[in-house]
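Ligands are counted one by one from 1 in listed order, and the atoms in each one are counted from 1 as well. The analysis underlying the following values was restricted to heavy atoms, covering all of them including side chains, and did not include hydrogens, waters or symmetry mates.
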Amino acid sequence: MTRHEIIASLRSTDARTLAALAKKAREIRDTTVGRAVHLRGLVEFSNHCRRRCTYCGISCENGTISRYRMTEDDIVRCAEIISSHGIGTIVLQSGEDPFFTAELIASIVRRIKKSTPLAVTLSLGERPVEDLRAWRDAGADRYLLRFETSDRRLFESIHPSFSPDIPCRMKQLEALADLGFEVGSGIMTGLPGQTYRSVADDLLLFRSMSIDMIGIGPYVPHPGTPLANRFLPQGIPDQVPHGPDFALKTIALTRILCPPINMPCTTALRTLDESGYVRGLASGCNVIMPNVTPLEYAERYDIYPGKKRPQNFDEALRIVEEDIARAGCYLGKGAGESQRFMERKRDACP
Ligand code: 5AD
């Protein structure tokens, strides 16, 4: 697909074209990675964050939320729960919290690796390469870092600058791949000021970079953030629409452009649309990340409002399993490595 064709598909609002895109994405998923849906147990272990991203509710500028950190023991206990439910991967996510030093995270990874067979995914934001190396050495398998948008001007306008000695996200994604991590990235769709052309460029980047998993979620305005309170840029004819439908269209196009990747049904999608998981699977997704964070903490991991929070992990799993069956898919077994990652590894050692 050319850039021009991608832009035309992104712009299309014709229901038949959209249904055809989703069908094609589904077929490509079925014939490349199959209909097995892999689960990842998500643990949001700290909502402290030193950054000021203007869209995010846990930015350090938000003085109204109550901050928490889970203990090392609590985190390892979550890992054991995930493993006992037959799920193959834990995702450890937090704000950018310097309390969790490189050594502390490495120690948590080593303990999880010792007491469970889980694949460990980290999602801790921008960190120096030495930290990433320490975590890889400790046994971490994967790292998630969305680049959010490839439009430099938009990126800079929503991410007030922080530290010049931390490499930019694109460089960090390259470093992660070089260190042997399975790499996840992604974008938000529907940001104020985001254009069709820039989303087309995001999709072309997904294709050209070493990215094994791609998460695409709709931007959900959080009333406690500067971005939600900013006037929408007027008169941008190229502004992409807000909401779940455009995110789903972007998801379908991503599967068509990058067949062997893993692609999660994002929580933001399900927040805006009760049938977000089923529709995500129908548009080419093959991963779901049920939340294992104890409710008292999950309620405070408030990156955007309206997140559905099941009472407990068993309920979260029940919802996910029903949605998977409804979408004509089935539960995957094992760690659910990305096919693109396996191909990359194979190409690296002839
Ligand atoms: N709406 C939707 N997604 C958001 N994220 C952060 N804030 C929001 C929001 N208001 C996403 C970002 C980040 C991921 C962890 O959550 O894409 O990378």
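Atoms of ligand 1 lying under 4.0 Å from at least one heavy atom of Tyr219, given by number and element, are 1 (N), 2 (C), 10 (N). Residue Met188 has at least one heavy-atom neighbour below 4.0 Å for each of these atoms of ligand 1: 2 (C), 3 (N), 4 (C), 5 (N), 8 (C), 17 (O). Remark: ligand 1 atoms within the under-4.0 Å shell around heavy atoms of Glu148 are 12 (C), 13 (C), 17 (O), 18 (O). Within ligand 1, the atoms closer than 4.0 Å to a non-hydrogen atom of Pro218 are 2 (C), numbered from 1 in the order shown. Each of the atoms 11 (C), 12 (C), 17 (O), 18 (O) of ligand 1 lies under 4.0 Å from some heavy atom of Arg146. Those atoms of ligand 1 that come under 4.0 Å of a heavy atom in Ile303, given as number and element, are 7 (N), 10 (N), 16 (O).
Looking from atom 7 (N) of ligand 1 to the surrounding protein, the closest heavy atom is Tyr55 CD1, 3.3 Å. Protein heavy atom closest to atom 1 (N) of ligand 1, with residue, atom name and distance, is Val220 N, 2.9 Å.
Using a 4.0 Å cut-off between a side-chain N of Lys or Arg and a carboxylate O of Asp or Glu, Glu44 and Lys307 qualify as a salt bridge. Salt bridge annotation for Asp73-Arg111: present, with a cationic side-chain nitrogen under 4.0 angstrom from a carboxylate oxygen.
Looking at Arg169 next to ligand 1, no N or O pair under 3.5 Å apart turns up. For the pair Tyr304 and ligand 1, the shortest N or O to N or O distance does not fall below 3.5 Å. Ligand 1 has no nitrogen or oxygen under 3.5 angstrom from a nitrogen or oxygen of Gln93. Between Cys56 and ligand 1, not a single N/O pair is under 3.5 Å apart.
By the side chain to side chain contact (heavy atoms under 4.5 Å, CB included) test, Pro226 is found to be paired with Thr54, residues two or more places apart in sequence or in another chain being considered.
Under 4.0 Å from ligand 1, not a single heavy atom of Cys53 appears.
Using a 4.5 Å heavy-atom threshold, the side chains of Phe100 and Leu124 count as separate. Side chains of Val183 and Arg344 form a contact here, defined as non-hydrogen atoms less than 4.5 Å apart.
Checked against the 6.0 Å centroid criterion, the rings of His48 and Phe99 do not qualify as a close aromatic pair. No close placement of the Tyr304 and Tyr219 rings is indicated, their centers lying 6.0 Å or farther apart.
For Ala228, the heavy-atom gap to ligand 1 stays at 4.0 angstrom or more. The closest approach between His222 and ligand 1 stays at or above 4.0 Å for every heavy atom of the residue.
With no hydrogens or angles considered, a side-chain donor-acceptor pair links Arg300 and Ser66 at under 3.5 Å. Residues Ser275 and Asp273 bring a donor and an acceptor atom of their side chains to less than 3.5 Å of each other.
The cationic group of Arg136 lies under 6.0 Å from the six-membered ring centre of Phe181 and within 45° of the ring axis, placing it in a cation-pi geometry.
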